[in-house]
Every structure is written in structure tokens, then in C-alpha cells.
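Below is one structure, written out as C-alpha cells; the observations come after it.
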Amino acid sequence: MTDRSRPLLLQNPGSFVFRTVGIISTPFKQKFGIPRQSQSLSEAKGIIKFAHDINPLNACRGLDEFSHLWISFIFHENIDSGWKDTVRPPRLGGNQKVGVFASRSTFRPNPIGLSVVKNLGLNEHNELMVEGLDLLDQTPIIDIKPYIAYADSIVDSHCGYADEPPTTEMAVDYSDDAWVQLQNTNKHYPEFKALLENILSQDPRPAYKKKSIDDKIYTVLLFNYDVKWQVRENRNVVIEIITLASL
Ligand code: SAH
């Protein structure tokens, strides 16, 4: 049983241990292809399953009156990767460096992420449903807070190199095979097509690939599908959608 009088356990002066409050399930089975900020994908839904010692009916009481939430989470796939004090944000074409604290890089001194999501409320299993995600499947959640517009939304703010949303809008085509396979996804995940097209139209390739001829076949893993696609004449062509037994 967790000692609730001490939510943070001080190990050494200046070091803390946080606990997981829940684990989120999302359609994103790998990092590549996940949008770089949360609100850009309304089709991306997730479900937070709470830790066994948290009673969601108590801990989330009153939360249904808030349309949006902040979720804090651990970039758990990057924990062993280390960090640098400067990074090259994709928004600057991957060339220019800024300080890690002037970026939303996932490689940070503490691997903590923060996303605004839409609150869809508790389901019949007392799991919290959210929408508009940029989180990998099975990401540990360390906190949930209501989004409070008067405090959190600042109309005259300046956002440096990220003042405008990304503008890439690439067309998405399907091979004949992929088009047939796509119909199958619709039976299981009606939002699959919209989600895939939203991801591909934002051109998730690394910045340096966008500048040269690129005949690489890329893969995104969404739900239990392995989607293969390639850029041809500045359009994204989905070549194949393979159903995986399980992920
Ligand atoms: N809105 C958050 C996250 C921005 S970065 C913040 O600003 O803190 C979003 C990227 O995080 C995604 O493109 C994905 O590649 C990466 N990501 C999401 N979940 C992750 C996880 N559990 N471990 C490592 N990287 C993750």
C-alpha cells in the first residue's frame, strides 16, 4: 500500500521518486509517426487505466466538469537515452540548435512530458478516456490536472520558432492493395483512415529526409496494423496495411 502522507519519496537531497498513477493505452505502438503536439490529432483517443490503489470515482470526482486536462507523463522509452543541453527542433528544419529548455524535446534532464487532452470522462470500467494525443501506447501517467482557461491560455503570448502551427499538408494516396486492406481496418477502428491520413499529411519523416530524393519505405504501427508508405512526387503513397496478430 502506498504511503499517502508522502507522495514524493526524497532519496537524496534534490532527487525524487514519483509513482505512476495510471497507464495509458493509445493507438501509437511506436514513437515514429506520433504527432509532435497533442491537440493536432482529434482522432487519437486513449484510455488511462488507474493504479490499483487509486479509486477513480474519488480521485476524479468533479473532473467531468472540465472539458480539457493536462496530463504529465514519463517519456519511458527515452529513460536510458540521456540528454544534451542543446537540441535541434524539427520546426527549425533540424539544423539550428536551441537550449533543451527552449524546446519540447523528449530527451530532457527529467523525462517528463506534458500534454493537453480533451476529457471524455470515465468509462464503465472507471478508466479515463481522453482525446487528442501524442503519447506512445503504455506510457506511464504521473499526474492529471484540469486545464483552466483563464490561467493556462494566454492570448498575447509569443512562441518563438513555434508561433504558427506546422503547415505541411501532403496528399495521401493508396495502392490498390492498401485500399482493400483499409476497408478491413474500418470494421475494427472506424477512425483508422482519418488518423492515418492526418499523421501522413503532416509528413512525419525526419527533417533531413525531406530535402533530398527519398525512396525509403517507412513504417508506422497504428493499433494492430503495420502501415508501409513511401513518398512519391511529393505525395504519400500507402503501399500496404498489414494486420499483425497482436502488439
Ligand atoms: N506534448 C508533450 C510531448 C511532445 S513531444 C510535451 O510537450 O511534453 C511528442 C513526442 O513524444 C511524440 O512525437 C513521440 O514520438 C514522443 N513520445 C510520446 N510518448 C513517449 C514515450 N512514452 N516515450 C518516449 N517518447 C514518447
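Both ligands and their constituent atoms are indexed starting at 1 by order of listing. Given the structure is predicted, the values throughout are model-derived calculations rather than measurements.
W179 and M170 fall within the same hydrophobic cluster, where Ile, Leu, Val, Met, Phe, Trp and Tyr residues are linked whenever their side-chain heavy atoms come under 4.5 Å apart, directly or through other members.
Per-residue contacts place L135 under 4.0 angstrom from the following atoms of ligand 1 (heavy atoms of the residue considered): 18 (C), 19 (N). Counting the atoms of ligand 1 from 1 in the order shown, those under 4.0 Å from a heavy atom of G113 are 8 (O). Atoms of ligand 1 found under 4.0 Å from any heavy atom of T106, numbered from 1 in the order shown, are 5 (S), 10 (C), 11 (O), 16 (C). Every atom of ligand 1 with a heavy atom of R104 under 4.0 Å away is listed here by number and element: 5 (S), 6 (C), 7 (O). Residue contact check: T139 has heavy atoms under 4.0 Å from atoms 19 (N), 21 (C), 22 (N) of ligand 1.
With no hydrogens or angles considered, no side-chain donor-acceptor pair links D177 and Q181 at under 3.5 Å.
The nearest non-hydrogen atom to atom 21 (C) of ligand 1, considering only F75, F73, F107, W70, comes from F75. Checking E77, R108, K31, H76 against atom 25 (N) of ligand 1, the nearest heavy atom belongs to K31.
A salt bridge is defined here as a Lys NZ or Arg NE, NH1 or NH2 lying under 4.0 Å from an Asp or Glu carboxylate O, and D203 with R205 meets this definition.
A heavy-atom separation below 4.0 Å is not found between V116 and ligand 1.
For N123, the side chain to side chain donor-acceptor pair (under 3.5 Å) partners at least two apart in sequence or on another chain are E127.
Checking only distances, I34 does come within under 3.5 Å of ligand 1, N or O to N or O.
Two rings, from F192 and Y225, have their centers less than 6.0 Å apart.
Among all heavy-atom pairs drawn from L114 and R104, the shortest one is O-NH2, 3.6 Å.
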